[in-house]
J.: 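Starting off with a structure, shown below.
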Amino acid sequence: MAEFLSVAAGFPTVVFSAALMVVVGFWLLVLFGAAEHDTYDADVNADALHLGGVPVAVSASVFVVLGWFLSFTGSVLLTDAGLPGAPLLSLEAALLGASVLGSWWLTRRVVRPLARLFPDEPAPSRQDFIGLTCTIRTGRVDTGFGQAEVTARDGSTALVQVRRNEGEARSAETEPGLGLGLGSTGLLYAYEEAGEFFWVAPFDAALDPRG
C-alpha cells in the first residue's frame, strides 16, 4: 500500500492523480444531481482533438483514467529498475509525454463506440412551440403586450412573449368570448422573428389533446 501511494503521489503519476480526483468529484456531483454530464460541451471543442461524439466530460474522464494507468504502470517499472537520479528524471519526463500521447490515442478508440450512446439531438428552437397551446400569464394580450407559459414536448416550460393581430384584438373588445386574459388558454400559431414574439389565438381548453 505504501508503495502504491508513493508512486501515485510521485512524478509523473501525480499529474494524473490530481486530475483523477477532479474527475471523481465531478461524477459525484452528477450522481447527486448537482451537475450535468454535458456541462462543458459548449465551452470545449472536443472535435479538434478527434474526441468528439460524446460529452466532453466523458472523453476527458476516459483520457485521465487511461493516462493515470499508463503513467502509474510506467512509474512502477522505472522504480523497480533502480536507475540513478539524472537518468531516472529524464525517463520520468519522457513517461509523462508518452502517457499523454498514449492516453489520447487510446481514448480516441474508446469513445468511438461510446458515441452511439450519445446520439446528436437538434438544438431546441422557438419554432418547436408553434402549434402548441399556452396559458396566458398577463391580464390581457393585444398587439403590443402579452406573455404566456408554454410546455414543450419534452416537458420543459418557458415564458414567451405573445401578441394578437389587430383584427382579433378589436373583436375581443366587443366580444368577451374572444378575449385572452390571465389563465386563459391560447394557441401559438406563428412566430415573428423581428419582434421575437408568438402570434396567439384563443383556444378552447376542452379541445387540447394534452388535457
Side-chain angles (χ1 to χ4, degrees), residues 1-129 150-160:
M1 186 65 178
E3 182 180 357
F4 173 87
L5 293 176
S6 176
V7 174
F11 182 81
T13 309
V14 67
V15 176
F16 290 99
S17 295
L20 187 60
M21 293 177 63
V22 174
V23 167
V24 172
F26 173 79
W27 286 110
L28 285 175
L29 291 176
V30 172
L31 179 64
F32 290 106
E36 297 292 336
H37 69 271
D38 57 354
T39 299
Y40 301 103
D41 285 6
D43 302 322
V44 180
N45 182 14
D47 291 334
L49 298 174
H50 304 286
L51 300 177
V54 299
V56 171
V58 173
S59 57
S61 298
V62 173
F63 174 82
V64 169
V65 170
L66 291 175
W68 184 90
F69 178 79
L70 292 174
S71 180
F72 182 87
T73 302
S75 294
V76 170
L77 295 176
L78 289 178
T79 300
D80 292 342
L83 296 172
L88 178 61
L89 184 60
S90 298
L91 289 175
E92 287 176 338
L95 174 61
L96 177 60
S99 298
V100 170
L101 292 176
S103 179
W104 172 75
W105 186 84
L106 290 171
T107 301
R108 287 182 60 188
R109 280 144 185 80
V110 170
V111 299
R112 285 177 182 174
L114 290 179
R116 288 176 291 183
L117 302 177
F118 300 92
D120 292 334
E121 297 181 359
S125 168
R126 292 178 180 176
Q127 300 293 334
D128 296 338
F129 291 145
V150 58
T151 301
R153 292 180 175 86
D154 63 0
S156 60
T157 61
L159 189 65
V160 298

J.: What pair of heavy atoms forms the shortest contact from A9 to V14, and how long is it?
T.: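 Of all heavy-atom pairs spanning A9 and V14, the closest is O-CB, 3.6 Å.
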J.: In Å and rounded to the nearest 0.5 Å, what is the CD to CG distance from E3 to L5?
T.: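 Reported value, rounded in 0.5 Å steps: 10.5 Å.
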J.: Just grab all the side-chain hydrogen bond (donor to acceptor under 3.5 Å, both in side chains) pairs involving residues 61-85, residues at least two apart or on different chains.
T.: T13-S71, T13-S75, S17-W68, W27-S61
J.: How close do T107 and S59 get, counting heavy atoms only, and between which atoms?
T.: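 T107 and S59 have their closest heavy atoms at CG2-O, 3.6 Å.
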J.: Taking all non-hydrogen atoms of both residues into account, name the closest pair between L66 and S103 and its distance.
T.: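 Reported closest heavy-atom pair: CB-OG, 3.6 Å.
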J.: Tell me if the aromatic rings of F4 and F72 count as close, with their centers under 6.0 Å from one another.
T.: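 So the answer is yes for these two rings.
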J.: Within a 6.0 Å radius of atom CD on Q127, are there more than 12 heavy atoms belonging to other residues, nucleotides or ligands?
T.: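 Yes, the 6.0 Å shell around CD holds more than 12 heavy atoms from other groups.
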J.: When you measure from the side chain of R109 to the backbone of W105, do you find a donor-acceptor pair of N or O atoms at a distance under 3.5 Å?
T.: yes
J.: Give me the one residue out of V23, L96, V65 that meets side chain to side chain contact (heavy atoms under 4.5 Å, CB included) with F16.
T.: L96
J.: Looking at side-chain heavy atoms only, is the closest gap between L106 and L70 below 4.5 Å?
T.: yes
J.: At their closest point, which heavy atom of L95 faces which heavy atom of G74, and how far apart are they?
T.: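 Smallest heavy-atom distance, with atoms named: CD2-C, 3.5 Å.
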J.: Can you give me the closest heavy-atom contact between F11 and A93, atom names plus distance?
T.: CE2-N, 3.9 Å
J.: Considering only heavy atoms from C-beta outward, does the side chain of L88 approach that of L78 to under 4.5 Å?
T.: yes
J.: Using the rule side chain to side chain contact (heavy atoms under 4.5 Å, CB included), only one of L28, V30, V24 pairs with F26; which is it?
T.: V30
